[in-house]
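Here the structure comes first, spelled out in C-alpha cells, and everything after it is commentary.
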Amino acid sequence: MRPYTPSNKVPNSGFTWLTVTALVGGVAIGGVASFAGQFFYLIILFPVLMGAGGGFLQSYAVNQGKVRNPLIAGTFAILMGVIVCGTMHGGNYLSGKEKFKQSSNFTEEEIDNLLLSETGSKGFLGYQKFLAQQGVGITRGSSKVELKNEWAWGYWAIELAIISGITAFMAFAATKEPFCENSDEWYLPKETVGGIPKEESENFLGLIKNENFVKAGALIDPQNLSPIPNMVVHLQRSPGDRMNDYILSASKTSLDNKGNVSAKEVIQGMISPSQHAQLEQAVKVNLQQNEAISDPESGTSNSLS
C-alpha cells in the first residue's frame, strides 16, 4: 500500500479562491468582531471563534479551488488572520475616534495632534499606542488586570497567533484530504468496509503493509459486529473511472468514561484497482461464510457491490 501525499498543485482558480476568501472573509469576520466588541469582548474565546470562522472559510476555499499545497494554503490562512485582526482593530479605531469626537467636539486634525503629542504618532498607529499606554483590561473572576505598553502589544500578538494558527491549521488539514489527480476531483466520502476484532488488528495492519489483501480482507467483518474497542476499515473511491486508485484507511475505536466512541486513524494509503478487487472478494467470502454459519438452512448469500 502506497502512502498518500498531496501533489502540491494549486490551479489558478485555487489562488483566486484563497485570495478572495482571505480578503472578503477576513474583513467580514474582523468587522463583526469589532462591532460585537463595542458591547462585550471575551478574551481567548473571541480569537478562537474568529480563527474557527476563518478556518472554515479557508477550508471551503481549498475545497472549491482544488488546492493541494499545504504551504500555500497555510500562507493565505495566516494572511487572513492578519486581515481579521487589522479589520477588528481598524474598526475599533474608527468607532473610538467617532465617540471621542462626539464627547469632546474635537476635529479630526485635533485628534491626530493629540495622539501625536501623547504617543509620537497619529492616525491608527497613534491610537493603538494610546490604547497600549492606557492599558488593556482583562477580567479574571472578580478582579481586573490591566496590561499596559509592551504587555498590551504582547496580548494583541497572542490574539493574532491564535486566529492565524487556527485558520492555518484548518486550511492545512483541508489540503491533506485525498485528491484524485486523474479525475481532477476530491475523493468521495469514506465508506465503511467493516470491522476487525481488537485481537486481530495488529495482524491486519501487518498484512496490509505486506500487501496481502486476500488474507487481510478475510479478517474484515462487513457486518461490523465486533464489540468496541475494535478496528474499523474505510474505503474512499475516486469520483471518476473505477480504474483509479482507492484510498484505504483503518481506525482504532475506543470508549471513554462516558461511553462515547472515539476513533483514531492508524493507517491510510492508496491501493490499486486489482488490490481492491482482492480485498473486496475476500470480504464477500467472509460475509457468505458468516451467513452460512448463522443460518445454515437458508442457502442464500449476499454479495457486496
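Throughout, residue positions are numbered sequentially from 1 according to the sequence presented. This one's a predicted model, so the numbers in the text were calculated from it and none came from an experiment. We use all heavy atoms of the structure for the numbers below, so side chains are in, but hydrogens, waters and symmetry mates are not.
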Apart from L23 itself, what residues make up its hydrophobic cluster when side-chain heavy atoms of I, L, V, M, F, W and Y under 4.5 Å apart count as a link, directly or indirectly? Y4, V10, F15, L18, V27, V62, V67, I72, F76, L79, I83, F179, W186, Y187, I247, M270

How many angstroms lie between CG in L114 and CZ in F130, if you round to the nearest 0.5 Å? 6.5 Å

Output yes when K252 and E265 qualify as a salt bridge under the 4.0 Å nitrogen-oxygen rule, no when they do not. no

Donor-acceptor pair between Q38 and K99 side chains, under 3.5 angstrom: yes

Can you name the one residue among L235, V232, V233 that meets side-chain contact (heavy atoms from CB on, under 4.5 Å) with T192? V232

From CG (L205) to CD1 (I208), nearest 0.5 Å: 8.0 Å

Shortest non-hydrogen pair, G194 vs I220, comes out as CA-CG2, 3.7 Å

Distance-only side-chain donor-acceptor flag, S238 / E185, under 3.5 Å: no

Those residues that, when tested against S7, pass side chain to side chain contact (heavy atoms under 4.5 Å, CB included) (two or more places apart): K9, R68, E181

K101 bridged to E110 by N-O distance under 4.0 Å: no

Do the ring planes of Y60 and F56 sit parallel (below 30°), tilted (30 to 60°) or perpendicular (above 60°)? parallel

Within this structure, what is the OH-SG distance for the pair Y246 and C180, rounded to the nearest 0.5 Å? 11.0 Å

With a 3.5 Å distance limit and no angle check, can you tell me whether N210 reaches the backbone of G206 through a side-chain donor-acceptor pair? yes

Reported CG-to-CD1 distance for the pair L147 and I158, which is rounded to 0.5 angstrom: 8.5 Å

Is the number of heavy atoms from other residues, nucleotides or ligands within 6.0 Å of CZ (F169) greater than 12? no

Backbone N or O of G55 within a donor-acceptor pair of the S59 side chain at under 3.5 Å? yes

When the ring planes of F100 and F106 are compared, do they come out parallel, tilted or perpendicular, using 30° and 60° as the limits? perpendicular

Hey, does the side chain of T16 reach the backbone of N12 with a donor-acceptor pair shorter than 3.5 angstrom? yes

Check whether F35 and V24 end up in the same hydrophobic cluster, where Ile, Leu, Val, Met, Phe, Trp and Tyr are linked by side-chain heavy atoms less than 4.5 Å apart. no

ILVMFWY network linking Y41 to W151, side-chain heavy atoms under 4.5 angstrom: yes

Kindly say whether D184 contributes a backbone atom to a donor-acceptor pair with the side chain of K66 at under 3.5 angstrom? yes

Nearest heavy-atom approach of M231 to A250 is SD-CB, 3.8 Å

Short side-chain donor-acceptor distance under 3.5 Å, S183 and D241: no

Going hydrophobic residue to hydrophobic residue with side-chain gaps under 4.5 angstrom, can you get from V32 over to L160? no

Determine whether I78 and I166 fall in the same hydrophobic cluster, where Ile, Leu, Val, Met, Phe, Trp and Tyr are linked whenever their side-chain heavy atoms lie under 4.5 Å apart. no

Donor-acceptor check, side chain of N8 to backbone of N69, threshold 3.5 angstrom: yes or no? no

Among the clusters formed by ILVMFWY side chains lying less than 4.5 Å apart, do L42 and I29 turn up in the same one? yes

Take atom NZ in K198; do more than 12 heavy atoms of anything else shown fall under 6.0 Å from it? no

I'd like to know if the side chain of S272 reaches the main chain of D245, judged simply by a donor and an acceptor atom lying under 3.5 Å from each other, with no hydrogens or angles considered. no

Between the main-chain N or O of F172 and the side-chain N or O of T175, is there a donor-acceptor pair closer than 3.5 Å? yes

What are the two closest heavy atoms between Q133 and E118, and how far apart are they? NE2-O, 3.4 Å

Euclidean distance, D221 CG relative to N230 CG, rounded to 0.5 Å: 9.5 Å

Check this for me: K215, atom NZ, are more than 12 non-hydrogen atoms of other residues, nucleotides or ligands nearer than 6.0 Å? no

Where is the tightest heavy-atom contact between Q58 and A73, given as atom of each residue plus distance? NE2-O, 4.4 Å

Test side chain to side chain contact (heavy atoms under 4.5 Å, CB included) applied to M80 and L57, step by step: CA-CA 10 Å; M80 185 176 187; L57 292 177; 3.8 Å; yes

Does a salt bridge link K122 with E109, judged by any charged N lying under 4.0 Å from a carboxylate O? no

Would you kindly say whether S251 and K264 are connected by a side-chain donor-acceptor distance under 3.5 Å? no

Identify the two heavy atoms, one from L219 and one from P197, that lie closest to each other, and give their separation to 0.1 Å. O-CD, 4.3 Å

Any chance you could measure L279, atom CG, to M1, atom CE, to the nearest 0.5 Å? 10.5 Å

Using only atom types and a distance under 3.5 Å, with no angle test, would you say the side chain of T167 pairs donor to acceptor with the backbone of G51? yes

